[in-house]
Amino acid sequence: MINLFYVHGSENHFYILDQTLLDKTLDDQELVNLTKQITSQSSNLNPADGLLVINQSNHEDALAQMRVINADGSEASMCGNGLRCVARYLSSKYHKDSFKVETMSADLLVNKHGELANNVPAFSVEISPVRFDNKSFPFDNLNTTNILNKALPEINDHLRFTAIAVPNPHLISFVENDHDLNETLGEIGKKLNDPNPYFTDGVNVNFAKILSRNNLFVHTYERGVGFTNACGTGMSATSLAFAINFPNLVDIKEPINVYNPGGMVQTKVHDTPNKQWIELIGNATFVGKLSVNESNLHSANISNENSEFIDSSEEKYYQKFVESIK
Ligand SMILES: N[C@H](CCC[C@H](N)C(=O)O)C(=O)O
């Protein structure tokens with residue numbers, strides 16, 4: 001039997017599949033089929049926004065590889081909330097507190113971090129590389145090769161936008177009212193993730209309200225998913241946009257508190273001459289696990305017949321989880 005762990009970072013839920021435990025790893029189509037089945041509204045499973053796949057890494061400085069499959073079957077180059085959960089899984093499995101994880105574009109540093117809230121352990125993860133050029137998204141037909149606090153009349157008649165790839169693509173706007181934060185976000189999110197001439201591979205759209213100095217609220221419409229409770233790479237990219245566009249409201253020597261519908265994370269913007277990157281710090285909560293036959297993974301036929309979900313403090317459950325993977 002194989003455990004599919006049900007986890008979340010700021011209520012952005014995922015299943016984790018550790019393929020190093022399988023007799024035979026799933027091929028790409030099987031991973032897509034599995035992700036679509038376990039995230040579909042019609043499944044009797046707990047809702048999730050995607051699948052986090054752990055593979056062996058052949059990079060000497062990486063403990064493992066993480067791949068990210070969105071609910072619609074598209075693959076993403078990064079997932080900030082997901083990487084915190086994968087980091088906690090690998091930290092328990094290999095008894096390490098600081099290590100690198102191979103992702104599509106980079107081997108990223110992850111660290112066990114002090115609790116942000118009592119009895120809620122936290123991990124910090126490196127969000128990088130950071131890019132601004134249109135080829136990194138890609139975007140086109142907007143009469144510009146980068147978007148920094150720019151009006152985009154093709155997309156909206158009153159907002160200004162900033163585009164940052166970390167390296168998955170994010171389009172960010174700072175808004176004043178709840179209508180823009182919700183309805184306008186949904187309209188633009190759908191428009192730029194349906195077939196369109198601007199972001200041909202889709203884009204994660206993040207609208208933020210500035211609460212005060214070093215304090216943000218971010219709402220995200222994710223590429224390949226739709227509205228989520230939180231988007232780790234989105235909150236990270238938005239924190240960098242906050243520092244760039246509102247330098248008088250951000251002290252980058254201090255963490256930024258980023259609130260979201262699912263909770264709160266902290267980010268730290270690192271702006272050194274030869275490398276810009278963001279540190280994302282937040283929970284990595286293990287809620288439950290499904291014990292499934294390997295064959296059902298290959299056939300994308302998962303039910304929660306053999307499942308165990310938390311009903312007490314997360315830490316008590318977590319000790320059982322740690323024993324189960326030794
Ligand atoms: N939907 C994103 C991937 C998941 C990112 C998000 N869940 C996070 O925590 O960063 C994309 O296609 O780029």
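No hydrogens, no waters, no symmetry mates; every other heavy atom, side chains included, goes into these values. Start at 1 and go down the list; that is how both ligands and their atoms are numbered. If you read the sequence from its start, that first residue is 1, and numbering goes on from there.
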Quiz item: Got the closest protein heavy atom to atom 10 (O) of ligand 1, with its distance?
Solution: Thr233 OG1, 2.6 Å

Practice problem: Write out the residue and atom name of the closest protein heavy atom to atom 8 (C) of ligand 1, then the distance separating them to 0.1 Å. | Solution: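 Going by distance alone, atom 8 (C) of ligand 1 is nearest to Gly232 N, 3.2 Å.
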
Quiz prompt | Side-chain heavy atoms of Tyr6 within contact of Leu45, under 4.5 Å | solution = no

Quiz item: Is there a side-chain contact between His298 and Lys24, using heavy atoms and a 4.5 Å cut-off?
Solution: yes

Self-check item: Ring centre gap for Tyr89 and Phe5 strictly below 6.0 Å
Solution: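 So the answer is yes for these two rings.
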
Atoms of ligand 1, numbered as shown, that sit under 4.0 Å from any heavy atom of [X]:
X      : result
Ala76  : 3 (C), 11 (C), 12 (O), 13 (O)
Phe14  : 7 (N)
Asn204 : 1 (N), 2 (C), 11 (C), 13 (O)
Glu222 : 1 (N), 2 (C), 3 (C), 4 (C), 5 (C), 6 (C), 7 (N)
Met78  : 3 (C), 4 (C), 5 (C)

Quiz item: Does an N or O from Cys231, backbone or side chain, lie closer than 3.5 Å to an N or O of ligand 1?
Solution: no

Quiz item: So which bit of Asn12 gets within less than 4.0 Å of ligand 1, heavy atoms only: side chain, backbone, both or neither?
Solution: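 Under 4.0 Å from ligand 1, Asn12 contributes side-chain atoms alone.
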
Practice problem: Examine the proximity of ligand 1 to Asn168 and report which part, side chain or backbone, both or neither, has a heavy atom under 4.0 Å away. | Solution: side chain

Exercise. Specify whether Phe161 and Phe207 have parallel, tilted or perpendicular ring planes, treating 30° as the upper limit for parallel and 60° as the lower limit for perpendicular.
Key: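 It falls in the tilted class, 30° to 60°.
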
Quiz prompt | Option passing side-chain hydrogen bond (donor to acceptor under 3.5 Å, both in side chains) with Asn206 (candidates Thr220, Thr233, Asn260, Thr162) | solution =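 Among the candidates, only Thr220 passes.
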
Quiz item: Applying a strict 4.0 Å limit to heavy atoms, is Cys79 in contact with ligand 1?
Solution: yes

Practice problem: Could you pull out all residues at least two apart from Lys275 that satisfy salt bridge (Lys or Arg N to Asp or Glu O under 4.0 Å)? | Solution: Glu126

Practice problem: Decide, yes or no, whether a salt bridge links Asp178 with Lys209 under the criterion of side-chain N to carboxylate O below 4.0 Å. | Solution: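 So Asp178 pairs with Lys209 through a salt bridge.
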
Exercise. Tell me, yes or no, whether the heavy-atom count around Lys96 atom NZ, taken from other residues, nucleotides or ligands under 6.0 Å, exceeds 12.
Key: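 12 or below, so no.
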
Quiz item: Just going by heavy-atom distances, which of Asn193, Asn70, Asp49 is nearest to atom 12 (O) of ligand 1?
Solution: Asn70

